[in-house]
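Written below as structure tokens is the structure these notes are about.
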Amino acid sequence: MSAVAPVVGVHRVSWTAPVRELLRRPLACGALVYLVCLVAACSAAPLVAPANPNYENLLDVSSGPSLAHLLGTDDLGRDVLSRILFGGRITLLDAAEAVIVFVVVGVPLGLVAGYLGGRLDRLVMSVTDIVLSIPVIIVLLVVAAVFQGDLPLMVSLGIVASPSIIRVVRATTLSVRTELYVKAAEVIGLSRLQVLRRHILPQVLAPALVQVSVFAAAAIVLEAVLGYLGLDVAPPAPSWGSMIAEAATVIDQQPWLMIPSGCVIALTVIALGLVGDAVRDININRRSPTVLRARSIGSGSSQNGARAAEGTPNPEGSVPSGAEALLSVRDLSIVLPNAGGELLIVDAASFDIGRGESLGIVGESGCGKTITARALLGLLPPGGRIAGGSAMFDGEQLVGARKQSRVQLRGKAIGLISQEPMAALDPAFTVGYQLREVIRANRKLGRRAARTESLDLLEQVRLPNPVLVAGRYPHQLSGGMAQRACIALALAGRPKLLIADEPTTALDVTVQAEILDLLTSLRHDTGMAILFVTHDWGVVADFCERTAVMYAGQVVEIGGVDEMFRLPLHPYTEGLLAANPHFAGEGPLPSIPGTVPPPGAWPSGCRFAPRCPYVTVDCKISAIALRPGTEGRVTRCLHPERIGGRTTDVSS
Amino acid sequence: MSVPEPLLVVRELTVTFRQRHPEPALRAVDSVSFEIPEGKTVALVGESGSGKSTIGNAILGLVPIRSGSVVFRGHEAANATRVDRGFLSKHVQVIFQDPYGSLNPARTIGQILVEPLMVHRKMSRSDMKSAVAEMLTGVGLEAGAAQRYPANFSGGQRQRIAVARAMIIAPDLVICDEPVSSLDLSVQAQILNLLSDLQRAHGLSYLFISHDIAVVRHVADRVVVLYRGQVVEAGSVREVSGSPRHPYTRALIAAAPVPDPGVQRARGVARRHAVVEREVPDARPNREACAFAPRCPYVVDRCRREKPNLRVGSSGALVACHLEEQLPEVAVLFGRPRDGGNAFDQDPESGDGQLVRPSGPR
């Protein structure tokens with residue numbers, strides 16, 4: 001096989017991305033600009049300050065702001081603005097010293113403790129626990145009593161505060177250490193130092209930066225406290241803290257004096273906090289690329305969004321209309337929000353489910369099968385909406401239905417079981433409690449009746465000891481038992497339709513077989529229809545009567561399973577069936593070249609055309625509607641007769 | 001006639017994990033032995049908790065080994081020293097299941113692929129660059145991919161990159177830990193074909209860890225079936241998947257659904273007799289008994305008293321079952337019996353990557 005797979009997106013992630021992200025936050029931008037200006041102005045204080053900070057003009061004491069003195073003068077006639085700029089040199093430098101010590105001590109210790117673990121980790125953690133319990137200000141007063149100058153003070157402040165960053169770095173390292181790529185790096189033979197530097201440090205950096213910004217703010221406040229106590233500089237040299245102390249002595253005569261120095265400290269602290277917040281948010285966004293982010297890659301997304309409302313309508317009657325159908329979905333289009341507006345995810349899906357029927361929805365990831373099933377229950381991700389089409393369930397319109405009536409349908413008329421049974425159960429309550437709650441929410445039953453009913457349901461899903469299981473918490477159940485419990489929950493409302501969203505994908509095959517058998521017999525016993533979302537042809541063959549195949553947001557083929565397996569009417573169905581190793585002999589597996597195009601990058605015309613071995617010119621001209629085929633089947637292929645080199649025309 | 005020495009020999013490998021205090025240590029891998037011949041693929045098959053991935057991790061030195069030995073080309077790898085590990089990492093590489101977790105999101109593909117070269121090859125920067133470009137084209141990606149970040153690639157493309165990382169220093173053995181389980185069907189076929197192309201081209205060996213018997217049947221030469229950390233059956237792929245002799249192997253094969261509705265319906269009826277539908281009791285496992293006894297439909301008293309040893313069964317494979325000779329023959333296990341019948345043939349003229357239509361039943 002030699003298929004050269006095209007790269008999904010053309011968008012390059014680079015170092016400019018976080019910067020652009022920052023620019024989108026005006027508050028954080030303003031804070032950053034303020035900090036940069038402040039540091040620059042303080043550094044260049046001898047050049048930019050309007051006056052000598054220590055020059056006392058006793059003719060002009062305690063004046064308010066004026067053109068000559070923008071922030072006024074203090075009680076000795078010194079220019080307040082100049083004193084703030086010069087004072088900032090002391091305060092900011094001191095804070096910077098403390099921060100440097102904080103980082104130099106904290107980051108390596110946290111990294112080493114988290115990565116190596118064991119005895120060293122325990123030692124580091126015990127010491128940090130002890131240090132955390134010592135009151136900082138007392139340590140600083142002791143240091144101030146013993147040593148001269150402010151450097152020792154700031155060094156000890158950095159050390160005493162370092163446990164906070166040690167803990168954060170260690171915790172991040174611990175979680176990154178278990179990542180597969182770190183394992184892979186170890187297998188490659190990278191030394192521990194290389195693994196730390198290349199793979200762990202970059203991940204630790206962002207949370208560490210947040211800690212640094214928090215501590216920098218704290219350091220400025222503490223420095224101001226020390227200045228207030230007269231521990232940082234000798235008068236008359238200014239620092240922000242000593243200026244507050246001076247202002248405090250004359251607060252009765254000149255309350256204004258408190259404002260410039262107080263404000264500069266407050267603003268600086270707030271700015272550091274805002275920048276730290278922004279760093280954290282940007283980092284969270286980067287670390288957890290949501291579905292929307294991943295899908296917004298691709299090009300031409302906005303055009304697709306505009307097309308959303310229209311969809312690709314199907315000619316009347318192309319999908320066999322189901323007068324007797326329990327659920328009848330027509331031209332259902334679903335959009336999700338993305339950066340540039342809305343992105344069409346499901347394009348005019350149409351299918352029917354009869355009463356008591358089992359319909360499979362098959363397709364690969366990103367084809368829209370799960371979102372179609374969930375949309376029927378009104379369970380779309382935030383911002384997602386149904387852009388068009390209809391879904392008639394038992395005579396009721398689901399699309400555009402009021403929330404109230406949808407909630408009533410949910411659980412009662414339509415049940416749901418999902419891939420992750422553990423996530424569907426509340427870990428804080430026993431299985432029995434959760435079942436009774438659902439039963440009583442759906443029907444007016446007394447406690448005792450609900451209890452009997454819940455045990456009946458557990459019996460019905462063939463759990464070996466219903467009384468025992470009812471008393472258990474979800475974490476005490478195996479995966480198979482948990483899925484049975486979820487099925488019992490779904491059955492509690494006696495639904496007419498059960499939506500099963502890959503319910504066996506996370507289970508072992510032997511357990512999967514048991515769950516499939518259970519669902520089959522439940523369907524026969526209760527007469528409920530089941531919509532089964534899966535990617536596994538084996539499961540379809542085992543469980544479903546009819547199947548809809550989805551590709552790139554569209555239903556491309558619907559038919560009975562026997563007919564479809566015997567003779568697919570769409571090349572995608574054919575390729576997907578052939579790729580199954582079950583059918584393969586010796587030699588390479590038949591595979592479909594390329595990858596599924598993500599939403600937003602769908603080709604015009606037939607969406608499978610770029611990967612199709614039978615493609616002709618007319619396939620690429622315009623969107624292709626579902627067309628009737630033989631045996632009541634439908635296909636979205638112009639040339640189903642070409643599939644497998646058949647010559648007979650199967651389209652009626 | 002001298003038998004060529006196997007590439008990797010695993011003998012009586014045992015790995016234990018500590019559990020919360022009163023519980024005894026969990027024997028995740030319990031006296032497992034097997035060999036990997038040069039240029040062959042050996043598959044470890046089992047369900048969750050069978051210890052199959054732990055065996056891979058133990059060989060790679062990612063978990064400590066309690067007892068037993070792992071010998072690679074005469075070098076003892078069990079709890080190896082740093083020097084031995086260096087030797088091993090030059091010759092044994094890994095492909096993990098999750099292509100999203102196994103690539104550092106903060107590094108470009110080029111930076112990721114250069115790492116193995118940095119450690120094991122003395123090369124100039126430009127040589128490394130061209131080696132990376134060559135490897136990328138070798139796994140079916142554009143050479144330009146080196147400048148991009150993992151976030152720009154789909155799952156299948158990422159798995160190609162993981163394959164490239166494992167192969168770039170031309171190892172002799174690659175441990176494939178469920179390399180296709182998280183991939184879509186069409187992509188799965190692409191990756192399996194890529195792996196077998198690379199095996200043919202470089203003569204390397206695979207330890208293929210999987211829960212999917214259909215995939216294993218396609219890729220493996222030999223199969224080792226594990227249940228709760230123990231080998232229950234081991235032999236050639238024909239022996240184990242063609243005429244499975246251990247009740248667990250049979251249950252595993254019977255449970256895997258076959259993509260053929262007619263056959264699958266018949267099997268559905270048959271499989272209800274193949275395994276006892278009962279949740280495994282959470283009682284402490286009895287070390288004196290057969291581990292599969294609580295779920296075995298053929299269980300007799302002896303199974304609960306005495307642990308069966310591996311011995312050669314009637315199919316030629318090693319089987320750990322007291323009742324191996326007495327088990328009934330099982331009729332339909334696969335939808336595609338080995339000789340004709342309800343056949344799904346591959347078009348012999350189909351070329352590379354070509355779609356092939358399963359032909360209908362005759």
Side-chain angles (χ1 to χ4, degrees), chain A residues 1-5 7-9 12-13 179-181 183-185 187-190 199 202-203 289 364-365 464 478 480-481 508-510 513-514 517 535 537-539 541-542 561-562 565-567 571 574-585 588-593 595 613 643-644, chain B residues 47-48 60 62 86 89 93-94 96 98 101-104 106 115-116 119-120 140-142 145 148-149 151-154 156-157 184-186 189-190 192-194 214-215 218 251-252 255-261 264 268 271 275 277-279 335 344 346 350 352-358 360:
Chain A
M1 80 127 283
S2 59
V4 175
V7 174
V8 167
R12 257 191 71 175
V13 179
E179 294 278 355
L180 271 183
Y181 58 78
K183 268 193 187 177
V187 171
I188 281 168
L190 289 184
H199 292 286
Q203 304 291 339
E364 297 181 280
S365 45
S478 69
M481 287 165 95
D508 280 327
V509 279
T510 51
E514 291 167 10
D517 286 345
H535 64 275
W537 283 119
V539 171
D542 185 85
V561 282
D562 292 275
F565 277 77
R566 197 182 69 241
L567 197 78
E574 185 197 29
L576 208 54
L577 273 170
N580 207 306
H582 258 290
F583 292 130
L589 280 169
S591 67
I592 308 175
T595 51
I643 291 171
Chain B
E47 297 182 289
S48 48
L60 292 165
L62 295 173
S89 71
Q93 281 300 316
V94 65
F96 291 111
D98 173 17
S102 70
L103 303 178
N104 189 338
E115 279 184 353
V119 176
H120 297 291
L141 292 167
E142 302 153 29
R148 298 207 176 84
Y149 285 85
N152 291 319
F153 297 90
S154 69
Q157 290 168 332
D184 281 321
L185 203 51
S186 68
Q190 292 174 2
L192 289 176
N193 290 340
L194 173 65
V215 169
H218 185 72
L252 205 58
V258 168
D260 179 333
Q264 185 55 28
R271 78 169 169 233
V275 70
E277 194 174 312
R278 189 190 304 152
E279 288 293 336
F344 283 85
Q346 190 177 340
S350 75
D352 233 7
Q354 193 58 40
L355 294 184
V356 168
R357 185 179 66 88

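The chains referred to below are lettered A, B, ... by the order of the sequence lines, with proteins before strands, and numbering in each begins at 1. Only a predicted model underlies this, so the values are computations on that prediction, with no experimental measurement involved.
The side chain to side chain donor-acceptor pair (under 3.5 Å) search around B/D98 returns none, not counting sequence neighbours. Checked against side-chain contact (heavy atoms from CB on, under 4.5 Å), A/N580 has the following partners two or more places apart in sequence or in another chain: A/W537, A/H582, A/F583, B/L185, B/P259.
One finds the CD atom of B/Q190 at 8.0 Å from the OG1 atom of A/T595 (value rounded to the nearest 0.5 Å). B/S102 OG to A/K183 NZ: the interatomic distance, rounded to the nearest 0.5 Å, is 11.0 Å.
Between the side chain of B/E115 and the backbone N or O of A/L190 there is no donor-acceptor pair closer than 3.5 Å. B/D184 places no side-chain N or O within 3.5 Å of a backbone atom of A/E364 that could act as its donor or acceptor partner. Of the possible donor and acceptor atoms, one in the side chain of B/N193 sits under 3.5 Å from a partner among the backbone N and O of A/L589. Remark: side-chain polar atoms of B/H120 are not paired, donor with acceptor, to backbone N or O of A/G189 under 3.5 angstrom.
The two residues B/A189 and A/P590 have their closest heavy-atom pair at CB-O, 3.7 Å. The two atoms that bring B/E47 and A/V509 nearest to each other are OE2-N, 3.4 Å, heavy atoms only. Closest non-hydrogen pair, B/V119 versus A/I188, comes out as CG1-O, 4.1 Å. Considering every non-hydrogen atom in both A/D508 and B/S48, the closest pair reads OD2-OG, 2.6 Å. A pairwise comparison of heavy atoms in B/V215 and A/P581 identifies CG2-CG, 3.8 Å as the closest pair. Contact between A/D562 and B/P261 at its shortest, heavy atoms only, is OD1-CB, 3.7 Å.
Contact annotation for B/L103: only backbone heavy atoms (N, CA, C, O) come within less than 4.5 Å of a heavy atom of chain A.
Side-chain contact of B/N104 with A/Q203: a donor-acceptor pair under 3.5 Å is present, judged by distance alone.
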